[in-house]
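Below: one structure, written as structure tokens.
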Amino acid sequence: MADEYGEHREVAERNLRILEALLFASAEPLSAAQMAPYLGEGADAAALLAELEQRYASRGVNLVRRGDKWAFRTAEDLGFLLRREEEENRPLSRAALETLAIIAYHQPTTRAEIEEVRGVATGKGTLDLLMEAGWVRMRGRRRTPGRPVTYGTTDAFLDHFGLESLSDLPGLEELKGSGLLSNRLPPDMQIPLPFDGPLREDEDPLDPDDTGGQDVDDEA
Amino acid sequence: MADEYGEHREVAERNLRILEALLFASAEPLSAAQMAPYLGEGADAAALLAELEQRYASRGVNLVRRGDKWAFRTAEDLGFLLRREEEENRPLSRAALETLAIIAYHQPTTRAEIEEVRGVATGKGTLDLLMEAGWVRMRGRRRTPGRPVTYGTTDAFLDHFGLESLSDLPGLEELKGSGLLSNRLPPDMQIPLPFDGPLREDEDPLDPDDTGGQDVDDEA
Amino acid sequence: MADTPSDWFDTTPVRQPSEEDVLHVDVNGYEGPLDLLLEMARRQKVDLAAVSILALAEQYLAFIETVRRKRIEVAADYLVMAAWLAYLKSRLMVPQAPSDDEPSGEMLAAMLQFRLKRLEAMRDAANQLVHRPRLGLRVYARGEPEPIVVDRRSIWEASLYDLLKAYAGQRERGIVSDYAPVQRTVWSLQDAREILERLIGESAEWISLDTYLADYLASPQERATVRASSFSASLELVRQGQVELRQASTFAPLFVRRRKTDGQ
């Protein structure tokens, strides 16, 4: 009896080795049916795969099931090994800088309003980039037709630009004084006071599925 | 004491999992130095790799050493199962294979020496082809008149032909014993062994513009 | 899974089995004179160490002679070897004089034997190498490697000054476009036609077009568009039979008048 069992184990081990090699070398996940022809007569591929799955469960590489197919994959908790971050310093593009400035001064503001000030359409990538940089956030939705998303700046924005609060942003007179704005400006020109408090009267909270840089304007 | 050992094992297991993940993920062999940054502080990469090699020795996938690098490869005895349709798209010519063997066993060696062994001029395409395959590299220049380029094999050569190191070259011992690796008669002189380490005394580094299969002999 | 092993190394240029064939073989079939010699030695079916170098030299020389008699071009390598073997043969056959500094025939023969053995050894080595369990033929790497993904995280650089400059710049741009609209007058064909019809009225006199348009041509910015549009409009009126145009010569003033209708 012991002999028979030993022989059985030996056959099973050989089959397990074959499965290991097949799964390792394959460029795509394999089904039990695809691997069965390589196994010895009468082998139970499903049972062998279950055993292999068990054996690798605690290893750095796991045998995982994808639909009815199997593949070796790096253990999920070690996924970080396969990622490497490289940081790259890059100047912000002019479009992004302008968009950010408008959001900073005019917040809460919508994409349409940004475009009105800039005089050109704002690429979705620009807003995405500013949100990815952590400087701009979606605040809510304006209570106007189309319910456009309102944008505002973040604490990281203040932090990066060395501002204690938005009220530190220079006003009209200061901009003139520093020469950034010329003196021949129309007398009615105004620079808004940025507002980053809680939602305003004309703002609704974001919808539950407003997560990324989505904007209902796009779907219109 | 038992606790300390247990803790030590736990750390080792985690490091083994990391090595498994890294080596499984990569198609190319990795050196201990490349993997060390991912291991915990003070980990002995060499000892861990030896342990991993041992663990996988009887599996369908083995951890093999290729020069100073390591890689997971399917077990040699299962090769017959895995043979793929594609096989080799362009088999090596006899001239290329002989040249490769001469470089492997006689390295560092020059083109003139290769030609001496073969008794025939080596087409330039032959060396190019071997370098393109990634098996042969230019090592340096011999400190003799004409400063001929010296050639040697690469880690990819070891990997492709399943050799742990050059000392695994088939029949090396007998060749050494019979004096057939020497360049001249009488064969009772000191027998040079294939050497792919750093530049030898009689080798200079390559010139800055030695990139491809160029050889100063050609320009002469 | 292919079942034919890639045994190409052993199957490359098939060697001639009989002595007869050798004589007809193209020298180009060999990888040089050493290869040819090795082939001849092998055909003696003895260990290379036991091969008679003298007999080999004679066989080689005879072969080259045959080939040359057939006026087949023989590569220089083969001729150099033939010359060397002729020399070797003479050294082997003539006893060495004591005063002779040249290498003995035996030494030369040993050297040739060594080279043949070394070439054969390298060939065997190549054969063994190629039949090793090679990567991608018998041994496989991970079929679906998981490459390391490099996340390029951009650290955006912008100063408060950049930000303020961008903002001020935009606000000023907006103002400039509000206060200094660049207006360009363009006479449409429709406008030109209406003006022209009004000016010509019922005048049947030949009057130059420029005279009619004098008021409008005063402004230099508008001169081109006024001329172009009214000329086009006048052509249209001619086509409709309402006016007539006359020009004495190229670039001369263009005269226009109302066309007389029949029965008037």
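Here is how names work: the chains are called A, B, and so on, in the same order as the sequence lines, proteins then strands, and each is numbered from 1.
- A distance of 9.5 Å separates OG1 in B/Thr126 from CD1 in B/Ile114, rounded to the nearest 0.5 Å.
- Residues from residues 55-77 of chain B that place a non-hydrogen atom less than 4.5 Å from a non-hydrogen atom of chain C comprise B/Phe72, B/Arg73, B/Thr74, B/Glu76, given in numerical order.
- Listed by first then second residue, pairs satisfying side chain to side chain donor-acceptor pair (under 3.5 Å) with a partner in residues 21-32 of chain B read B/Ser31-B/Gln34, not counting sequence neighbours.
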task: With side chain to side chain donor-acceptor pair (under 3.5 Å) as the test, would you mind laying out the steps for C/Asp162 and C/Ser159 before giving the verdict?
output: CA-CA 5 Å; C/Asp162 293 332; C/Ser159 68; 3.1 Å; yes
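- Note on B/Arg118 versus B/Glu115: no salt bridge recorded, every NZ/NE/NH1/NH2 to OD/OE distance being 4.0 Å or above.
- Ion pairing between a basic and an acidic side chain is recognised when a charged N comes within 4.0 Å of a carboxylate O; B/Arg142 and B/Asp202 show such pairing.
- Scanning residues 16-25 of chain B against chain C with a 4.5 Å heavy-atom cutoff picks out B/Phe24, B/Ala25, ordered by number.
- Checking side-chain atoms of C/Gln113 against main-chain N and O of C/Ile53 turns up no donor-acceptor pair under 3.5 Å.
- Taking a cutoff of 4.0 Å between a charged side-chain nitrogen and a carboxylate oxygen, B/Arg94 and C/Asp35 qualify as a salt bridge.
- With respect to the salt-bridge test (charged N to carboxylate O, under 4.0 angstrom), the residues C/Arg91 and C/Glu106 do not qualify.
- Here B/Phe157 pairs with B/Phe161 under the ring-ring contact (aromatic ring centres under 6.0 Å, His included) rule; sequence neighbours left out.
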